[in-house]
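Notes follow the structure.
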Amino acid sequence: MTNLILCGGAGTRLWPLSRNRMPKQFYPLFEGRTLFEETVLRNKGLVDQFWVASNEVQMELARDQLARCGVDRFGCLVEPVGRNTAPAIALVCQGLPADEVVFVTPSDHLMTKPLEYGRAVRRAVELASAGNLVTFGIRPAYPETGYGYMEAEGETVLSFREKPDEATAEAYVASGRHYWNSGMFVFQAGVFLDELKRYSPEVLTACQKVKGDPSREQMEAIPSISIDYAVMEKSKRVRMVACDPGWSDLGSFDALFDEVTPMVGGNSVLGGQSPIFVDSRRNLVVGSNRKVALVDVEDLIVIDTADALLILKRGSSQKVKDVVGELKKEQSTLLE
């Protein structure tokens, strides 16, 4: 089995920790290890080889971190320009044997229950070996509005659902039939390419013109589309493995807060010097080398880096993208 790790995103919702040249998947968030390294280490015992799809800058980061995980040989798809997930997967699959099982994973997700994770992957491989396109449905812990959902009956996916409003998300959770879309997939390379030809032939045709490393012109000629829109939402061969592997996409500072073990008073600290908390509760401080002190405040997230300081209320972390938008208008180097 091949693990295709998809990189490329800048993780802007975790700015200023995550930057274009050091996105969140390569930042040492937990005990000195990165999310990319965690992905490699948990899959190392499940797969035979790795492929990485990313841009040139991130490929260098990936190469260094794979070496730290004891992986010296791996396949590379260096994308001069990103075209979303379906083309990246197709470009890798067309260079693999048709019966090769491919395990597609993001590079920046967290799993805290390895036994459940392994069980789900093994079942997915069984279903994929029978000619199915397999996705993983995460049992929802709460009515999250920032995730896509899948409606399923057993292992059969009935429908894909976009990110819902709060009332709809509550109804999804109450139904017991809806699952968070994890963004992980398992299938045989040939089965995926056959379904891509059936439902998005223009994508496959453009990908088939690429031999070896794609040029910028070749990549720009490929339609930009996700695997969900290109194949998964249309195919009749989709199956789902329901699981609870302690999954988080760490897509916001609120999600990060949930994963950091709190101290006395409910405050949480990640990296940097130990902050001082005076009558302050339920705060998250991610520090650099400066001493941080909080007095009489609650439910704050403080992100202190060498060149930028971000302070926000818990529950408002989705608005970090608005900060990034302002920095883009300023053409700020702080995004680099």
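Quick note: residue numbers are just sequence positions, from 1.
The shortest heavy-atom contact between Tyr199 and Ser235 is CE1-CA, 3.5 Å. The two residues Cys243 and Ala120 have their closest heavy-atom pair at CB-CB, 3.8 Å. Shown here for Leu91 and Cys207, the closest heavy-atom pair between the two residues is CD2-O, 3.7 Å. The two residues Leu196 and Ala230 come nearest to each other via the heavy atoms CD1-CB, 4.2 Å.
Taking 4.0 Å as the cut-off between side-chain N and carboxylate O, Arg281 and Glu298 count as a salt-bridged pair. Contact check on Arg123 versus Glu155 returns a salt bridge, with a Lys/Arg side-chain nitrogen under 4.0 Å from an Asp/Glu carboxylate oxygen. The pair Arg216-Glu220 meets the salt-bridge criterion, since a charged nitrogen lies less than 4.0 angstrom from a carboxylate oxygen. For the pair Lys113 and Asp244, the salt-bridge criterion is met [side-chain N within less than 4.0 Å of a carboxylate O]. Using a cutoff of 4.0 Å between basic side-chain nitrogens and carboxylate oxygens, Arg13 and Asp254 are not scored as salt-bridged.
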Candidate pair Asp249 and Tyr147, rule side-chain contact (heavy atoms from CB on, under 4.5 Å), full reasoning: CA-CA 9 Å; Asp249 72 344; Tyr147 298 153; 3.2 Å; yes

Worked check of side-chain contact (heavy atoms from CB on, under 4.5 Å) between Tyr117 and Leu46: CA-CA 11 Å; Tyr117 178 77; Leu46 299 171; 3.9 Å; yes

Steps toward side-chain contact (heavy atoms from CB on, under 4.5 Å) verdict (Val121, Phe103): CA-CA 9 Å; Val121 173; Phe103 181 22; 3.8 Å; yes

Full working for side-chain contact (heavy atoms from CB on, under 4.5 Å) between Glu259 and Leu110: CA-CA 9 Å; Glu259 300 300 333; Leu110 181 68; 3.6 Å; yes

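Between Trp247 and Trp180, the ring-plane angle classifies as tilted under the 30° and 60° cut-offs. Note on ring orientation: taking the six-membered ring where Trp is involved, the planes of Tyr149 and His178 are perpendicular (angle over 60°, cut-offs 30° and 60°).
Partners of Glu202 according to the salt bridge (charged side-chain N to carboxylate O under 4.0 Å, His left out) rule, which considers only residues two or more places apart in sequence or in another chain, do not exist here.
Side-chain atoms of Asp48 come within 3.5 Å of backbone atoms of Met1 as a donor-acceptor pair (strictly under, hydrogens ignored). Looking at Gln273, its side chain never comes within 3.5 Å of a backbone N or O of Gly287 through a donor-acceptor pair. Between the Glu37 side chain and the Thr34 main chain, a donor and an acceptor come within less than 3.5 Å of each other. Under a 3.5 Å cut-off, the side chain of Arg42 and the backbone N or O of Pro114 do not form any donor-acceptor pair.
When only modelled atom types and interatomic distance are considered, Thr2 and Gln49 share a side-chain donor-acceptor pair under 3.5 Å. Side chain to side chain, Asp299 and Asn283 fail the donor-acceptor criterion of an N or O pair below 3.5 Å. For the residue pair Ser280/Asp296, the side-chain donor-acceptor check at 3.5 Å is not satisfied.
Relative to the six-membered ring of Tyr179, Arg139 misses at least one condition, a distance below 6.0 Å or an angle of at most 45° to the axis.
At a threshold of 4.5 Å between non-hydrogen side-chain atoms, the residues Ile5 and Asn3 count as touching.
The side chain to side chain contact (heavy atoms under 4.5 Å, CB included) with Arg19 is formed by just one residue from the set Thr333, Asp307, Thr12, Leu335; it is Asp307.
Summarising the geometry, atom CD1 belonging to Ile89 is positioned 9.0 Å from atom OG belonging to Ser226; distances are rounded to the nearest 0.5 Å.
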